[in-house]
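Only this structure's heavy atoms are used, side chains among them; waters, hydrogens and symmetry mates stay out.
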Amino acid sequence: MKHLFLFVLLLGFALPASAGDFSHALAMNGQPRYSADFTHFDYVSPDAPKGGTVRLAATGTFDSFNPYIVKGNSADGLGLLFDTLTEQSLDEPFTEYGLLAERIELAPDRSFMTFHLRKEARFHDGSPVTAQDVAFTFKTLLAQGNPHYAQYYADVERVDVVDAQTVTFVFKPQSSQELPLILGQLPVLSEASWQGRDFSASSLDIPLGSGPYRIAEFKAGQRLTFVRDPGYWGRDLPVNTGRHNFDSIIYDYYRDLTVTLEAFKAGEYDFRQEYNSKQWATGYTGPAVEAGLIRTENIPHKLAQGMQAFVFNSRRAIFADPLVRQALNFAFDFEWSNKNLFYGQYARSTSFFSNSDMAATGLPSKGERELLEPLGLPEDVYTKEISLPVSDGSGNIRENLREAARLLRQAGWSVEGGKLVKDGQPFVFEMLLVQPDFERVVLPFQRNLARLGITMSVRMVDTSQYLERLRGFDFDMIVSSFPQSLSPGNEQRSFWYSASADMPGSRNYCGIKSPAIDKLVDLVIAAPDRDALILRCKALDRALLWGWYVIPHWHATSWRVAYWDKFGRPDKLADYGLDFQSWWIDPDKERELAGKRKGVGLK
């Protein structure tokens with residue numbers, strides 16, 4: 001949008017100066033980085049070679065090829081099948097460029113937006129992608145998809161099919177500022193292919209897509225192979241140039257993360273992102289690593305980190321009192337864990353918008369107080385700086401436990417016979433886990449709780465059971481995360497909104513029902529510009545932190561990646577995403593690697 005047009009900043013979006021102009025892109029704030037005649041993203045190599053096979057790993061199982069519903073365990077990589085209306089660039093905070101949509105028209109008063117589809121866009125069976133398919137997808141996701149779609153698209157009043165290539169979304173008054181970009185992320189499904197089929201049912205019927213890959217073969221729950229479509233209609237578009245370089249992508253499924261790492265070191269798959277600090281520090285050993293066949297590196301990024309935490313289910317009576325939730329924060333010793341378990345690799349997360357300018361810090365500003373004071377929140381929210389309990393890392397948290405005990409007494413709990421009780425009932429709850437690696441984090445926390453007279457049992461379940469229990473909010477406490485983009489918006493409804501607290505499949509795991517937080521979420525979604533968004537996110541952050549809905553964990557500011565040395569990749573990498581689809585197989589490296597593998601006794 002820097003090309004031949006003049007632009008004005010309207011409600012946070014860079015738009016053409018006159019009504020009726022068409023645009024190749026939408027930016028949440030400011031102007032898009034790339035002009036209408038751009039040829040490729042800066043973080044790709046436009047001449048990257050095509051070819052080769054990359055093998056990846058997934059954990060658990062799969063029994064569905066529909067990633068848009070709550071039923072079943074959908075397979076990894078299904079986004080490769082489906083094109084969206086737009087493609088988000090990864091070197092801008094939140095800007096999208098046309099993919100299925102050739103042109104985008106956003107009304108100056110933001111009452112509607114229109115997507116003009118590319119006439120050449122095709123599904124894998126050769127049928128055209130039409131405006132009717134867009135409307136069908138939108139309506140189907142609202143009616144039968146995961147409940148979060150109803151929240152994402154809540155501000156859309158209706159969708160109108162204008163002609164075969166033109167579809168218009170009409171917005172409700174005061175709609176979300178990011179709604180146009182959210183609609184750009186809509187995957188477009190073939191209406192014809194879904195006739196006579198139940199969209200809401202879990203199925204391994206191969207879906208008809210329009211994306212760069214197709215499913216070639218699969219073994220249910222064990223292996224899934226995608227092949228690059230040589231006739232892919234969009235292969236020469238600027239948003240795709242230099243990307244989707246592998247001829248085939250294979251996902252093998254493993255039962256747990258420990259087995260997955262050993263399989264990687266044995267050469268069973270090629271590329272891995274590591275999320276476990278202990279494994280990163282100590283697990284990458286063996287002949288292949290020592291011989292230089294496997295490379296490990298930290299790739300810095302600028303992504304907002306959101307919040308990972310122990311999550312209280314405040315629907316449970318035992319966790320309904322904020323004083324209790326605050327007290328249990330004093331039983332988690334992050335400093336000891338970081339030193340002894342994580343090799344000092346992490347920073348403490350002190351915000352729901354960690355690693356961003358939206359994180360609340362210090363005392364509330366005047367602007368934050370003006371937002372918060374009318375909402376009837378506790379006085380501390382307006383007047384104090386929130387601080388998480390800290391320790392010296394020695395493991396001695398006697399003072400913290402004293403403060404926890406004081407808060408628990410204030411909440412009506414007392415110790416009888418070494419057990420914490422209230423109204424004759426002991427303080428007993430269950431930590432539900434799906435990742436065995438988290439046991440080493442949970443057990444020290446369990447021991448600290450026991451010193452308070454609290455009994456926390458730890459239950460490990462498989463992925464299917466875990467997802468089912470999450471969907472029904474059938475847990476006391478879990479380990480979970482609330483990821484944040486650099487432009488928070490409609491997804492906040494799924495995280496924190498009162499209406500989502502009883503909506504199966506929502507991400508409101510905490511069970512928050514607060515009119516004040518609802519109001520702040522609405523303000524975030526309706527923020528007219530970047531400055532207002534930052535201010536409103538800080539206010540929301542304070543309200544969430546002072547609710548003590550979670551026990552915050554930690555975050556990192558780089559991707560930890562390991563890979564067999566067979567890849568090429570662009571010289572410049574993206575700031576806001578690890579775009580593995582812009583890497584490629586280097587034939588010379590692959591041949592050299594094959595010889596070295598034999599030298600260390602690998603196939």
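- Rounded to the nearest 0.5 Å, atoms NE2 (His148) and CD (Glu491) are 10.5 Å apart.
- In this pair, Tyr253 and Phe62 present their aromatic rings tilted. The plane angle is within the 30 to 60° band.
- Between the side chain of Thr84 and the main chain of Leu186, no donor-acceptor pair closer than 3.5 Å is present.
- Using bins of under 30°, 30° to 60° and over 60° for the plane-to-plane angle, the ring pair Phe319/Phe312 lands in the perpendicular bin.
- Contact record, Trp280 with Val561: CH2-O, 3.2 Å, taken as the closest heavy-atom pair.
- Judged purely by atom type and a 3.5 angstrom limit, Gln465 has no side-chain atom pairing as donor or acceptor with the backbone of Asp462.
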Under 3.5 Å, which donor-acceptor pairs link side chains of residues 199-207 to any protein atom two or more places apart or in another chain?
from	atom 1	to	atom 2	distance (Å)
Ser200	OG	Asp198	OD1	2.7
Ser202	OG	Asp63	O	3.1
Ser203	OG	Asp205	N	2.9
Ser203	OG	Asp205	OD2	3.3

Checklist entry - Checking side chain to side chain donor-acceptor pair (under 3.5 Å) for the pair Tyr153/Asn490: CA distance, chi angles, key distance, verdict? => result CA-CA 8 Å; Tyr153 305 139; Asn490 280 16; over 6 Å; no

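- Using a 4.5 Å cut-off on side-chain heavy atoms (C-beta onward), Ile454 and Leu328 make contact.
- Smallest separation of non-hydrogen atoms from Arg459 and Arg469: NH1-NH1, 3.3 Å.
- Residue Tyr284 is tested with Glu274, Gln279, Lys265 for a side chain to side chain donor-acceptor pair (under 3.5 Å); the sole match is Glu274.
- When every heavy atom of Phe473 is checked against every heavy atom of Ser506, the shortest pair comes out as CZ-OG, 3.5 Å.
- Looking at heavy atoms from C-beta onward, Tyr466 lies out of side-chain contact with Thr463 at the 4.5 angstrom threshold.
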Next on the checklist: Evaluate Asn66 against Lys71 for side-chain contact (heavy atoms from CB on, under 4.5 Å), listing each step before the verdict.
Outcome noted: CA-CA 9 Å; Asn66 187 344; Lys71 293 181 180 178; over 6 Å; no

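- Heavy atoms from other residues, nucleotides or ligands lying under 6.0 Å from CZ of Arg255 number 12 at most.
- Ring geometry for Phe427 versus Trp413: interplanar angle of 30 to 60°, hence tilted.
- Once rounded to the nearest 0.5 Å, the distance linking OG of Ser558 with NE2 of His301 reads 6.0 Å.
- Judged purely by atom type and a 3.5 angstrom limit, Gln446 uses its side chain to pair as donor or acceptor with the backbone of Met456.
- Interatomic distance, CD1 of Ile294 versus CG of Asp270, reported as 10.0 Å (0.5 Å rounding).
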Item to check | Residues Val524, Leu533; criterion side-chain contact (heavy atoms from CB on, under 4.5 Å); working and verdict | outcome: CA-CA 6 Å; Val524 167; Leu533 178 67; 3.9 Å; yes

Checklist entry - For Tyr563 and Glu297, what are the C-alpha separation, side-chain angles and deciding distance, and is it a side chain to side chain donor-acceptor pair (under 3.5 Å)? => result CA-CA 9 Å; Tyr563 52 91; Glu297 60 180 309; 2.6 Å; yes

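- Although no hydrogens or angles enter the test, the distance criterion places no donor-acceptor pair under 3.5 Å between the side chain of Glu262 and the main chain of Thr260.
- The closest side-chain heavy-atom distance from Ser414 to Val421 is below 4.5 Å.
- The aromatic rings of Tyr269 and Tyr254 lie tilted to each other, with the angle between the two planes from 30° to 60°.
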Next on the checklist: Between Asn73 and Thr61, does the side chain to side chain donor-acceptor pair (under 3.5 Å) criterion hold? Intermediate values first, please.
Outcome noted: CA-CA 7 Å; Asn73 298 313; Thr61 186; 5.8 Å; no

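- Residue Asp541 forms a side chain to side chain donor-acceptor pair (under 3.5 Å) with just one option from Ser354, Ser351, Ser356, and that option is Ser351.
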Item to check | Residues Ser394, Asp392; criterion side chain to side chain donor-acceptor pair (under 3.5 Å); working and verdict | outcome: CA-CA 6 Å; Ser394 68; Asp392 61 7; 2.7 Å; yes

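- Contact annotation: the side chain of Phe580 approaches that of Val54 to within less than 4.5 Å [non-hydrogen atoms, C-beta and beyond].
- Using the six-membered ring where Trp is involved, Trp554 and Phe332 have ring planes that are tilted, between 30° and 60° apart.
- Considering only heavy atoms from C-beta on, Lys519 comes within 4.5 Å of Leu375 through its side chain.
- The minimum heavy-atom distance between Val415 and Leu452, with the atom names listed, is CG2-O, 4.2 Å.
- Between Asp321 and Ala411, the closest heavy-atom pair is OD2-CB, 3.5 Å.
- Asp437 has no carboxylate O lying under 4.0 Å from a charged side-chain N of Lys278, or vice versa, which leaves the two without a salt bridge.
- Contact of the Phe334 side chain with the Leu388 side chain is not registered, since no non-hydrogen atoms from C-beta on lie closer than 4.5 Å.
- Shown here for Val381 and Pro364, the closest heavy-atom pair between the two residues is O-CG, 3.5 Å.
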Next on the checklist: Applying side-chain contact (heavy atoms from CB on, under 4.5 Å) to Arg493 and Asp522, what does each step give before you reach the verdict?
Outcome noted: CA-CA 8 Å; Arg493 286 184 175 137; Asp522 289 339; 4.1 Å; yes

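- Residue pairs satisfying the salt bridge (charged side-chain N to carboxylate O under 4.0 Å, His left out) criterion with at least one member in residues 324-337, sequence neighbours excluded, are absent.
- With Tyr509 contributing its side chain and Val479 its backbone, the two residues share no donor-acceptor pair below 3.5 Å.
- Looking only at side-chain heavy atoms (C-beta outward), Asn313 and Asp476 stay at 4.5 Å or farther from each other.
- A side-chain donor-acceptor contact under 3.5 Å links Asn340 to the backbone of Trp336.
- Atoms CZ and OH, from Phe495 and Tyr549 in turn, are 16.0 Å apart once rounded to the nearest 0.5 Å.
- Trp548 CH2 to Leu407 CG: the interatomic distance, rounded to the nearest 0.5 Å, is 9.0 Å.
- Between Phe352 and Phe482, the angle of the ring planes lies from 30° to 60°, which puts this pair in the tilted group.
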Next on the checklist: What verdict does the side-chain contact (heavy atoms from CB on, under 4.5 Å) test give for Phe310 and Val441, after you've listed the backbone C-alpha separation in whole Å, the side-chain angles of each residue and the deciding distance to 0.1 Å?
Outcome noted: CA-CA 11 Å; Phe310 294 133; Val441 180; 4.1 Å; yes

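- Looking only at distances, a side-chain donor or acceptor of Arg348 sits under 3.5 Å from a matching main-chain atom of His553.
- Put simply, CG on Leu377 and CG on Leu520 are 7.0 Å apart, with the number rounded to the nearest 0.5 Å.
- Classification of Arg316 and Asp474 as a salt-bridged pair holds, one side-chain N sitting under 4.0 Å from a carboxylate O.
- Atom NZ of Lys422 sits in a crowded spot, with more than 12 heavy atoms from other residues, nucleotides or ligands closer than 6.0 Å.
- Without hydrogens or angle criteria, Asn355 side chain to Leu303 main chain gives a donor-acceptor distance under 3.5 Å.
- Under the 4.5 Å side-chain criterion, counting only non-hydrogen atoms from C-beta, Arg530 is in contact with Asp357.
- No donor-acceptor pair closer than 3.5 Å links the side chain of Gln305 to the backbone N or O of Thr557.
- A donor-acceptor distance shorter than 3.5 angstrom exists from the side chain of Arg471 to the backbone of Val70, with no hydrogens or angles considered.
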